[in-house]
Asker: 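Got a structure for you, written out below as structure tokens; questions coming shortly.
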2 protein chains.
Amino acid sequence: MNVMNASPRRKELTRLAAQLFVQEGFDRTTVRMLAQEMGIKSGSLFHHFKDKQEILAAVIEEGTQNALSIAKAALQACPNNAEARLHAMARAHLETLFADRNAHVVALFEWRRLDPAASAHLSHLRDAYEAMWVDVIEDALSAGLIHGDRFLVSRFILGALNWTVRWYDPNGSRTPDDLADELVAMIMSR
Amino acid sequence: MNVMNASPRRKELTRLAAQLFVQEGFDRTTVRMLAQEMGIKSGSLFHHFKDKQEILAAVIEEGTQNALSIAKAALQACPNNAEARLHAMARAHLETLFADRNAHVVALFEWRRLDPAASAHLSHLRDAYEAMWVDVIEDALSAGLIHGDRFLVSRFILGALNWTVRWYDPNGSRTPDDLADELVAMIMSR
DNA sequence: TACGTAACCAAGCAAGCGCTAGTGTAAATG
DNA sequence: CATTTACACTAGCGCTTGCTTGGTTACGTA
């Protein structure tokens with residue numbers, strides 16, 4: 001039978017899977033391609049994962065867990081005022097987005113390939129993360145740092161941030177922190 | 001043989017294909033599913049399109065052409081100042097995004113499934129559209145309406161706008177124009 | 001030495017895939 | 001009337017897919 005715990009081997013396989021899912025898309029990535037990238041035969045893959053779906057779920061769970069813990073750490077380490085928290089959250093978002101770029105691209109663009117059970121489970125994680133954003137944005141609004149409808153403002157900010165995975169080049173001259181600062185500057189009232 | 005011109009039948013089939021591509025994703029949509037949705041048998045589909053790839057290209061071309069003509073019309077019909085043009089462009093973007101929502105969702109999220117030839121051809125269309133945005137944003141920057149790096153500002157704005165297809169509900173209380181106005185208000189310096 | 005277990009492999013099945021070949025038919029065209 | 005055109009059909013080829021089966025290897029523990 002197969003092992004479904006968090007073995008170190010499984011974690012490495014998940015990382016490789018994320019890379020292939022980004023390169024080819026989930027549907028076009030075959031179990032044979034995954035196995036070859038992992039240096040094993042396709043049959044052996046099912047010792048580590050129940051089925052192809054479970055690999056996708058593992059990739060997304062990994063990325064989302066990292067996002068959560070990075071955001072939590074960033075908020076705890078920063079001064080307790082609205083502006084600092086907004087900055088910290090934007091920086092943390094881009095930091096995790098590019099530290100685990102593959103996993104997050106999969107989470108953002110292949111989410112709908114999850115079966116209902118996995119989707120329900122992972123939605124809770126995602127909601128926990130978004131709740132942190134809502135909190136920070138409400139603080140910024142009450143502090144008069146930014147203006148507008150809280151729902152729309154948060155969607156616009158997350159949209160602008162998430163879309164960076166489509167154009168940001170980590171080998172360019174800008175750091176993720178540069179992006180975060182520029183975005184916050186753009187939306188802050190002066 | 002098959003017909004590859006712009007017959008009215010083909011246009012309707014393209015619309016149906018866009019809907020299925022959004023529902024299932026391009027890779028999971030089979031020619032048999034497409035045919036059934038169109039009320040014909042799978043073999044008959046190849047009378048209208050050379051292959052499955054060509055259906056995808058047709059969907060994306062249709063959407064991008066519409067975006068271009070709507071944006072052009074909007075800019076010609078609006079006062080010739082930076083603020084009005086910025087508003088008009090944002091409104092036009094969301095207008096076309098939700099008028100041809102299926103086609104645009106496919107263009108945004110299934111672009112990479114295009115083969116190199118089709119991708120090269122359609123890239124020109126898309127570049128023409130983005131050039132209009134760059135123009136409008138540079139005007140807004142010189143007019144002191146917004147501040148920041150032109151490259152980053154335009155990416156953030158387009159990201160925030162494009163991401164709306166992931167959460168906007170046309171049956172809600174907000175119109176696309178509301179969204180456009182709120183976004184422009186959010187980024188304008190006061 | 002004997003045993004348990006994690007990791008792997010070769011082979012292949014059943015289902016589904018994109019696409020082709022060849023044909024039928026009703027309406028438009030000369 | 002004869003011919004062409006547009007559109008649809010049936011049947012199925014050749015291939016790939018996710019996954020299973022039944023067994024082997026490597027190695028730590030007693």
Side-chain angles (χ1 to χ4, degrees), chain A residues 1-60 106 110-119, chain B residues 1-21 23-60 106 110 112-119:
Chain A
M1 276 300 123
N2 52 2
V3 187
M4 270 165 278
N5 58 14
S7 70
R9 181 84 175 119
R10 182 176 150 123
K11 202 157 192 177
E12 170 65 7
L13 298 184
T14 303
R15 212 185 48 81
L16 286 168
Q19 188 191 323
L20 260 182
F21 288 163
V22 169
Q23 252 173 56
E24 308 286 331
F26 175 71
D27 292 322
R28 286 174 109 83
T29 304
T30 69
V31 293
R32 287 164 178 83
M33 291 163 65
L34 286 164
Q36 185 172 20
E37 194 76 8
M38 296 164 177
I40 58 179
K41 299 297 173 182
S42 72
S44 315
L45 211 162
F46 294 92
H47 170 75
H48 301 277
F49 302 93
K50 172 171 141 277
D51 54 22
K52 195 187 168 191
Q53 268 286 324
E54 199 184 74
I55 308 179
L56 177 61
V59 167
I60 295 183
V106 171
E110 308 281 0
W111 186 279
R112 300 201 31 231
R113 257 72 253 171
L114 287 170
D115 62 33
S119 174
Chain B
M1 276 301 119
N2 51 3
V3 186
M4 271 166 277
N5 58 14
S7 70
R9 180 88 174 118
R10 182 174 151 125
K11 203 158 192 177
E12 171 64 7
L13 298 184
T14 302
R15 212 185 48 80
L16 285 169
Q19 187 190 325
L20 259 182
F21 288 163
Q23 250 173 57
E24 308 286 333
F26 176 71
D27 291 323
R28 287 175 108 83
T29 304
T30 69
V31 294
R32 287 165 179 81
M33 292 164 66
L34 287 164
Q36 186 172 19
E37 195 76 9
M38 297 164 177
I40 57 179
K41 301 295 175 183
S42 72
S44 314
L45 211 161
F46 294 92
H47 170 75
H48 300 277
F49 301 93
K50 172 170 140 277
D51 53 23
K52 195 186 167 191
Q53 267 286 324
E54 199 184 75
I55 308 180
L56 177 61
V59 168
I60 296 184
V106 170
E110 308 281 1
R112 298 196 35 226
R113 256 72 254 170
L114 286 169
D115 62 32
S119 175

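Reminder, nothing fancy here: chain letters follow the sequence lines and each chain counts from 1.
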Asker: Is the shortest side-chain N/O distance from A:His47 to OP1 or OP2 of C:dC9 below 4.0 Å?
Answerer: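 No, because none of the side-chain N or O atoms of A:His47 sits under 4.0 Å from OP1 or OP2 of C:dC9.
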
Asker: Might you list the N or O atoms of the protein lying below 3.5 Å from N or O atoms in nucleotides 19-23 of chain D, with each pair's distance?
Answerer:
unit_1	atom_1	unit_2	atom_2	d
D:dC19	OP2	A:Lys52	N	2.8

Asker: Tell me, please, which residues at least two apart from A:Arg15 pass salt bridge (Lys or Arg N to Asp or Glu O under 4.0 Å).
Answerer: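 In terms of salt bridge (Lys or Arg N to Asp or Glu O under 4.0 Å), with neighbours along the sequence ignored, A:Arg15 is linked to A:Glu12.
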
Asker: I need the full list of side chain to side chain donor-acceptor pair (under 3.5 Å) pairs touching residues 22-34 of chain A, with sequence neighbours left out, sorted by first then second residue.
Answerer: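 Side chain to side chain donor-acceptor pair (under 3.5 Å) check on residues 22-34 of chain A returns A:Asp27-B:Arg28, A:Arg28-B:Asp27.
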
Asker: If we only count heavy atoms from C-beta on, is the B:Ile55 to B:Thr14 side-chain gap below 4.5 Å?
Answerer: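 No, too far: nothing below the 4.5 Å cut-off.
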
Asker: Kindly say if A:Arg9 contacts the phosphate of C:dC8, meaning a side-chain N or O under 4.0 Å from OP1 or OP2.
Answerer: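 Yes, within the criterion.
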
Asker: For B:Leu45 and D:dT10, give me the distance from atom CG to atom C1', rounded to whole Å.
Answerer: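 Roughly 16 Å, once rounded to whole Å.
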
Asker: Touch check for A:Lys41, heavy atoms < 4.0 angstrom, all strands: base, sugar-phosphate only, or nothing?
Answerer: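 The residue A:Lys41 makes sugar-phosphate contact but no base contact.
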
Asker: Without decimals, in angstroms, what is the distance between A:Gln36 CD and C:dC8 P?
Answerer: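 In whole Å, C:dC8 P and A:Gln36 CD are 15 Å from each other.
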
Asker: Please give me the minimum heavy-atom distance between B:Gln53 and B:Asp115, naming the atom from each residue.
Answerer: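 It is OE1-N, 3.0 Å.
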
Asker: Any heavy-atom pair between the side chains of B:Leu34 and B:Glu37 that's under 4.5 Å?
Answerer: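 No, their side chains stay 4.5 Å or more apart.
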
Asker: Return no unless some side-chain N or O of A:His48 is found under 4.0 Å from OP1 or OP2 of C:dC8.
Answerer: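 Answer yes for this pair, as a side-chain N or O of A:His48 is under 4.0 Å from OP1 or OP2.
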
Asker: Among residues two or more places apart or on two chains, list those pairs meeting ring pair (Phe, Tyr, Trp, His ring centres under 6.0 Å) that have a residue in residues 14-35 of chain A.
Answerer: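 Found A:Phe21-A:Phe26.
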
Asker: In whole angstroms, how far is the P atom of C:dC19 from the CD atom of B:Glu54?
Answerer: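 Between P of C:dC19 and CD of B:Glu54: 11 Å.
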
Asker: From CG of A:Asp27 over to P of C:dC17, roughly how many Å is that when rounded to an integer?
Answerer: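 Whole-Å distance recorded here is 12 Å.
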
Asker: Grab the CZ-P distance between B:Phe49 and D:dC7 for me, whole Å please.
Answerer: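 Value for this atom pair: 11 Å.
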
Asker: Distance check needed: C:dA7 C1' versus A:Arg10 CZ, whole Å only.
Answerer: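 In whole Å, C:dA7 C1' and A:Arg10 CZ are 15 Å from each other.
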
Asker: To the nearest Å, give me how far apart CZ (B:Arg113) and P (C:dG18) are.
Answerer: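 The answer, rounded to whole Å, is 14 Å.
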
Asker: Got a sec, which residues hit side-chain contact (heavy atoms from CB on, under 4.5 Å) with A:Ala18, two or more places apart in sequence or on another chain?
Answerer: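 A:Val59, A:Asn102.
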
